[in-house]
Each structure stands twice: as C-alpha cells, then as structure tokens.
Amino acid sequence: MTNNPEFYARDVVTVARDLIGCTVTHGPTSGVIVETEAYHDTEPACHAFVGLTARTRVLFGPPGRAYVYRSYGIHALLNAVAEPEGTGAAVLIRALEPIAGLDLMRERRGLERAEDLCSGPGKLTQALAITGADDGLSVLAAPFRLEPPADPVEFVVTPRIGISKAIELPWRYLVSGTRWASVNGPRQA
DNA sequence: CATGGGATTGACT
DNA sequence: GTCAATCCCATGC
C-alpha cells in the first residue's frame, strides 16, 4: 500500500490514480488528496525531460520520496517520486480536502474559508508548511505519512493544466464532483 | 556570466 | 480577464 516503496515503483500514471483519496499528513496537518497529475521523463512537460541534473536528481532517485521545488520563485510544489530508480517520474499533488490542523492552516494561509486552504498545489504546501527543506525526504516516514482510503473513490481523468507542453496527455486525476480541487483551467468533468 | 522561463497565486481593471 | 511578484536553474554566449 501507500507505506510500501513498491506502491510508488509502479507506472507513474497508475500511482497518480491510486493516490486519489489517500490521506497525506505533514506534521500536525493533513488532508485527503483530491487532485493529482503524472509527470514522466519521456514527455517534455516533466522536469526530468532534460535528463539527470542537480535539480532532477530526486526525480531519478528511489520511489517514495518527496520532490519539492519552487515555482515562479514563490510557491513550493509537492510531488511523490514514482517508478524505479533511474526513471525520472513523479506525481504532483494538486489539491487536498483539509481534515486535520485546519486552524494552523488558516494561520499559515491568512484565510478562513476551508475551501481556500488547500485548493491548489502552491496553496497546500503553504497550508502544510512543506518547503524545499522537504525535498528528497521519504513520504513513508515522519514528518510525512500517507494512508490509503477506507473505501474506493470515484474519480475522473482530464488533461493536465498550467503547462504548455504535452498538454494532450490525459494524466490529471480528480475526485468526481469534489469541491476541494483547484479551480483553474479546464472543468472537472 | 547573462538571460529566459515557468507543474501559481492573488490583487487589480 | 489581465498582470506582477520572485528566484532557481538550465541553457547559451
């Protein structure tokens, strides 16, 4: 399951699908994953497309680690590294339904509405206090924890959003009808 | 060594 | 709907 490296060693698109509905925890805050995207070194939207560099070494490393990078110089984005070591692939966690530490999230975000706390990849890292310091850490051990859903979760598939290359690939997953997903880009279903 | 471009967000017109 | 903020890193001279 999600606490076994083998879970992450599989095909990255499958991992992205199976992470839907899982609970991710970082310190005292946690939420249910409602939106993910897969990235793989064989397609140009993936950072690992350029090959092994200082920036991408975590992506090519062992599965089950966190790949955290800074976007637009402002926001940290959280990924779970997938596929065997040597393949550069990861699942971007794009949105959560917050379930624990809501008041701490509100304090960190400077907002009150629960729907605004984790409804975007840059928002959830701020709410869970995930930074570049978490880059390369295992998601199987503290301060991280990942747990599978109690019951199967219905989801839909769409193209990825916010990118300019390989925009045709249907590698974005989200919980059907969720109100917790990021609101940018194409409609949910 | 200089430069350009983001897997985004929030404030403003 | 439009746009600035802000910085790391990959690329090219």
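Both backbone and side-chain heavy atoms feed into the values below; hydrogens, waters and symmetry mates do not. Below, chain A is the first sequence line, B the second, and so on; all start at residue 1.
Side-chain contact check for A/L146 versus A/V24: some heavy-atom pair is nearer than 4.5 Å. Using a 4.5 Å heavy-atom cutoff, the side chains of A/R55 and A/V50 are not in contact. Within the 4.5 Å cutoff, the side chain of A/P159 has no heavy atoms near those of the A/I167 side chain. Side-chain contact between A/T125 and A/T131 is absent, with no heavy atoms from C-beta onward closer than 4.5 Å. Residues A/W180 and A/V175 have side chains not in contact (no heavy-atom distance under 4.5 Å, counting atoms from C-beta outward).
Looking only at atom types and distance, the side chain of A/Q126 has no donor-acceptor partner in the side chain of A/R108 under 3.5 Å away. Defined by atom type and a distance below 3.5 Å, a donor-acceptor pair is present between the side-chain atoms of A/S182 and A/E35.
Checking the phosphate oxygens (OP1, OP2) of B/dT8, a side-chain nitrogen or oxygen of A/R94 falls inside 4.0 Å.
For A/L111 and A/S164, each mapped to the nucleotide of DNA chain B holding its nearest heavy atom, the one lying further toward the 5' end belongs to A/S164. Along DNA chain B, the nucleotide nearest to A/K165 and the one nearest to A/G122 differ in position, and the one closer to the 5' end is contacted by A/K165.
Under the 4.5 Å side-chain heavy-atom criterion for ILVMFWY residues, a single connected hydrophobic cluster contains both A/L96 and A/V153. There is a path of hydrophobic side-chain contacts, each under 4.5 Å, that joins A/L137 to A/V15.
B/dT9 atom P lies 13 Å from atom CG of A/L117, rounded to whole Å. The interatomic distance linking A/L124 (CG) with B/dT9 (C1') rounds to 13 Å, in whole Å. Protein atom CD of A/E168 is 15 Å distant from nucleotide atom P of B/dA7, rounded to whole Å. When the P atom of B/dT8 is taken as reference, atom CZ of A/R160 falls 11 Å away, rounded to whole Å.
The number of heavy atoms from other shown groups lying within 6.0 Å of CD (A/E107) does not exceed 12. Atom CD of A/E168 sits in a crowded spot, with more than 12 heavy atoms from other residues, nucleotides or ligands closer than 6.0 Å.
Stem regions for DNA chain C, each three or more consecutive Watson-Crick or G-U pairs with both distances under 3.5 Å and listed by first number, read B:1-6 with C:7-12, B:8-12 with C:1-5.
Residues from residues 59-90 of chain A with heavy atoms under 4.0 angstrom of DNA chain C, sorted by number: A/Y72, A/G73, A/I74. Residues from residues 47-56 of chain A with heavy atoms under 4.0 angstrom of DNA chain C, sorted by number: A/V50, A/T53, A/R55. Residues of residues 20-45 of chain A that place a heavy atom closer than 4.0 Å to DNA chain C do not occur.
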Please tabulate, one pair per line, each protein N/O and nucleotide N/O from nucleotides 1-4 of chain C that are separated by under 3.5 Å, including the distance.
none

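No donor-acceptor distance shorter than 3.5 angstrom exists from the side chain of A/T2 to the backbone of A/F7, with no hydrogens or angles considered. For A/R17 (side chain) and A/Y173 (main-chain N/O), no donor-acceptor pair under 3.5 Å exists by modelled atom type. Not one N or O on the side chain of A/T36 forms a donor-acceptor pair closer than 3.5 Å with the backbone of A/V91. Not one N or O on the side chain of A/R94 forms a donor-acceptor pair closer than 3.5 Å with the backbone of A/P121.
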Please tabulate, for the side chains in residues 57-74 of chain A, all donor-acceptor contacts under 3.5 angstrom to protein atoms that are two or more places apart in sequence or on a different chain.
unit_1, atom_1, unit_2, atom_2, d
A/R57, NH1, A/A54, O, 2.9
A/Y67, OH, A/H47, ND1, 2.7
A/R70, NH1, A/I74, O, 2.8

